[in-house]
Every structure is written in C-alpha cells, then in structure tokens.
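This report refers to the structure that appears directly beneath it.
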Amino acid sequence: MNEIFEKISSYGHEQVVYCNDKNTGLKAIIAIHNTILGPSLGGCRMYPYQSDSAALEDVLRLSKGMTYKASISNLNLGGGKAVIIGDPKKVKTSELLKSFGRFVDTLNGRYITAEDVGMTVEDMEHIRSQSKHVTGITQSLGGSGDPSIFTALGVFIGMKAALKKKYQTESFDNLKVGIQGFGKVGYYLSKHLFEAGAKIYGFDVDQERLSIVCKEFGVTPIPNGDLMNLDLDIFSPCALGGIINPQTIQSLKCQIIAGAANNQLLDEKRESKTINDRNILYVPDYVINAGGLMNVANELTGYDSSKATRQVEGIYDTLLEIFNLSEHQNLSTIEAANLIAEKRIQDSK
C-alpha cells in the first residue's frame, strides 16, 4: 500500500479514487491531480490494461498532463482523468457506464469527465444520466458533440506552427507526414493534411480503420516497425503514449514530432534531450492536442463553437511562444512549455 501512496505522491496528486462494482464489472480509477485553477476536467479512457498498476500509472500520467494542458490553454480548470479497465469491445455496457457515472457524481464536481480512447459521445450520455459532471455530450443535449474534431484541428494548426519554426513556411504541399493511429483524431487530421496537399503514410492495428483512410485520403500503409524509420518531415503519434523511447528514438528520421497522443515521451527529461541533440523539433503533446479540452470546456458556460474554434486557433501562437522561449533559454520545448504552464499555476496560488 505504501508503494501506491509513494507513486501518487511522486506525481503530486490531490486525490485518487478506486471504483469497483461487482454487479456491472466496473473497475475504474479516477485521478485528480490539481484543482488550483478550477475543477479537474479530463476524459475517461477504457482500455484492457495488463495490470492494475499499469492502469494506475497511465491515469496518473494522463491527469498530470491535463493540469498542464488546462493551464497553458488559459482555461480555469484543473487536471483530472479516469480509466476503466477492460476491453470496450467486449465488456462495455450501459449499466457499467451508469455505474461509473454514479462514482463521478460522488465527487461533487471536483472531477468532470469526458470522452477519451475507447469511449464515445453515446457513452457520455449514459454517464450523464447519473451525473451532471459530464462534457462531450451530443448537441441535442446542449453539448458540443465529438471533441476529436477539435483535437485534430489543433494538431493541424500546431503542425503549421512547427513548419513555420522549422522551415519558415506553413505549406504542406508534398510534405511527408507519417501518422501512427487512425482513430477519430487521426482520421480528421488525415482529412486536413490531404486537403492541404501532404503525402500521408501511416499505420493502425485496426486494418478497417487503415483501409478507410487509404481509400479516402490516399494514405500509403506502412508497417509500424518501418513508419518511424521513414524519411519524414513530420512524424505524428496519434495512438497511445510512450512511443518515443530509447528503443525507437534512434531510428527516427523525421524533422518534426507533432501528434495527438498523450505522453509521447516515455521519459520526458531523457527523451527530450535526445530529440534536441538530434535537431528534431518536438511539439509538446499537451499543447498541440488541447483542442478537444478547449471545446468541451465551453460546455461549462454555454457552448459556443466559434469561441471554441478561436481558442483552438490560438494554439499556433502558444507554440511559437514556446519555441522562442526554448531557443532563447536553451531549453527543450517540453521544458519551455512546462515553465509557462507552471508559472500560471503558481501565480494563481
């Protein structure tokens, strides 16, 4: 038990809640990292983790990232996240989701949930039936619908900022972009890139998803082991985290890393140094993928799609600020982003 508290303490969390309901099979963890700027908001991920400790590690990393994401996005929100342990294709039921909603409700608004990997807008409606502390619901219920559309827009805009910094241009014409993962965000991102004239290469474990983007957006399928070895202008991780690690980083031949996945760097300090040494521009994940959070945050005050779009477009200027701070103070881009995010939190104490 002491090991669990030590792990929670090492990430600086305020509260971690384990949720168990044997009647529905629910096994979930809700992690509240920081509420200095406001109530914690973050998606609920459903995934067949190999162990309870792996689920805890993921939710702690994800929820801490949400604190930084909300701060650097100038949102009056804190960082939280939830994970439900299980394969969404096999064990997800309306009863299980409602049970999770009841646990969310016991926190009285300290944690506000939303859609993440393995979850859908329809799932949020089941949760909403048990708690009002839910975002990412359908427009018919006053929500904003699928947040991945705005996440993808933010990633595309963030790529423009990276191109401006690296190549002094925003043109995607004939640029080589490799996408790892064609879930909802990867799909919409591919659409933006295709329309902008990029050459897209990609991989997804789900062959059906891969075949759709190949047909619609001319994606060239590449085996996962080879994708990171390609001579790319941009490598875009859009699946799960930890993909940039000692085993993969040396094979990278890209000029820019800019993707939607959370926690792309397995070890933030170690991997950011290696990336810097190799003159690869890393776009901090929690900055570039903040569009979805910006969108659902608008639901809390009355949804306004035009306002949400303007906020997402602001990712461009935020990233240029980060790149400039990184260059002038000889910091990695993630260190620069952290400084800006942490300063806003400290100033609010």
Side-chain angles (χ1 to χ4, degrees), residues 4 8 11 13-35 39-67 70 77-138 140-148 151 183-184 240-241 262 292-293 295-297 299-300:
I4 294 177
I8 292 171
Y11 281 97
H13 279 69
E14 295 177 3
Q15 185 177 5
V16 177
V17 180
Y18 281 76
C19 312
N20 182 71
D21 181 358
K22 68 177 183 179
N23 292 325
T24 63
L26 175 73
K27 295 183 183 298
I29 308 173
I30 300 171
I32 299 173
H33 178 255
N34 188 294
T35 57
S40 64
L41 191 158
C44 175
R45 171 173 295 187
M46 189 167 187
Y47 187 77
Y49 293 97
Q50 293 184 348
S51 65
D52 295 349
S53 61
L56 176 62
E57 180 74 25
D58 199 31
V59 78
L60 292 178
R61 284 169 61 89
L62 290 167
S63 53
K64 182 177 180 179
M66 292 303 296
T67 294
L77 294 168
K81 207 80 175 183
V83 296
I84 298 175
I85 301 171
D87 187 337
K89 294 183 178 179
K90 296 179 180 179
V91 301
K92 183 167 60 176
T93 64
S94 61
E95 290 77 16
L96 180 145
L97 295 171
K98 289 178 181 178
S99 177
F100 174 71
R102 289 190 287 274
F103 279 106
V104 170
D105 204 54
T106 64
L107 294 169
N108 296 315
R110 277 177 52 78
Y111 169 66
I112 303 167
T113 196
E115 179 187 348
D116 203 325
V117 174
M119 301 290 277
T120 67
V121 173
E122 290 73 23
D123 294 335
M124 293 301 108
E125 293 181 22
H126 290 300
I127 298 170
R128 179 63 178 260
S129 71
Q130 306 299 311
S131 176
K132 65 180 181 180
H133 306 299
V134 182
T135 58
I137 56 176
T138 59
S140 62
L141 294 177
S144 59
D146 186 355
S148 62
T151 303
K184 293 181 180 179
L240 299 178
N262 289 302
L293 175 62
N295 186 56
V296 297
E299 294 182 22
L300 302 177

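Heads up: numbering here begins at 1 and tracks the sequence.
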Interatomic spacing from CG in L62 to OH in Y11 - rounded to 0.5 Å: 9.5 Å
Partners meeting salt bridge (Lys or Arg N to Asp or Glu O under 4.0 Å) with R110 (sequence neighbours left out): E14
Least distance between heavy atoms, V296 atom then P147 atom: CG1-CB, 3.8 Å
Least distance between heavy atoms, G78 atom then A70 atom: O-CB, 4.3 Å
Qualifying salt bridge (charged side-chain N to carboxylate O under 4.0 Å, His left out) pairs with a residue from residues 119-135, counting only residues at least two apart or across chains: K92-D123
Minimum side-chain heavy-atom gap L41-L300 below 4.5 Å: yes
CG/N20: more than 12 non-hydrogen atoms of other groups inside 6.0 Å: yes
Contacts of type ring pair (Phe, Tyr, Trp, His ring centres under 6.0 Å), residue H13, not counting sequence neighbours: H33
Audit row: Q130, D105, side-chain contact (heavy atoms from CB on, under 4.5 Å) steps and yes/no: CA-CA 7 Å; Q130 306 299 311; D105 204 54; 5.9 Å; no
Residue pairs, two or more places apart or on separate chains, that pass salt bridge (charged side-chain N to carboxylate O under 4.0 Å, His left out) and touch residues 57-66: K7-E57, R45-D58
Non-hydrogen side-chain atoms of L96 and I84 separated by less than 4.5 Å: yes
Heavy-atom closest contact (I137 atom, V134 atom, distance): CG2-CG1, 4.1 Å
Sub-4.5 Å side-chain heavy-atom contact between Y111 and V17: no
With sequence neighbours excluded, residues passing salt bridge (Lys or Arg N to Asp or Glu O under 4.0 Å) with K184: E115
I30 and F100: CA distance, side-chain angles, deciding distance, side-chain contact (heavy atoms from CB on, under 4.5 Å) verdict: CA-CA 10 Å; I30 300 171; F100 174 71; 4.0 Å; yes
Derivation of the side-chain contact (heavy atoms from CB on, under 4.5 Å) call for S129 and K98: CA-CA 7 Å; S129 71; K98 289 178 181 178; 3.8 Å; yes
Reported OG-to-CD1 distance for the pair S99 and I127, which is rounded to 0.5 angstrom: 10.5 Å
T67-N34 side chain donor-acceptor pair, cut-off 3.5 Å: no
Rounded distance [0.5 Å steps], OG1 in T113 versus NE2 in H133: 11.5 Å
Reported OG-to-CG distance for the pair S148 and D116, which is rounded to 0.5 angstrom: 10.5 Å
Residues that Y47 engages under ring pair (Phe, Tyr, Trp, His ring centres under 6.0 Å), provided they are two or more places apart: Y49
Considering all heavy atoms, the nearest N295-S144 contact: ND2-OG, 3.1 Å
Distance (rounded to the nearest 0.5 Å) between N108 CG and T106 OG1: 7.0 Å
Residue pair E95 / T24, side-chain donor-acceptor N/O under 3.5 Å: no
Student check: side-chain heavy atoms of S40 and L77 closer than 4.5 Å: no
Stepwise side-chain contact (heavy atoms from CB on, under 4.5 Å) test for M66 and N262: CA-CA 9 Å; M66 292 303 296; N262 289 302; 5.5 Å; no
Shortest non-hydrogen separation from S51 to S53 and the atoms involved: OG-OG, 3.0 Å
Heavy-atom pair of closest approach, residues P48 and P88: CD-CD, 4.4 Å
Non-hydrogen side-chain atoms of D52 and K27 separated by less than 4.5 Å: no
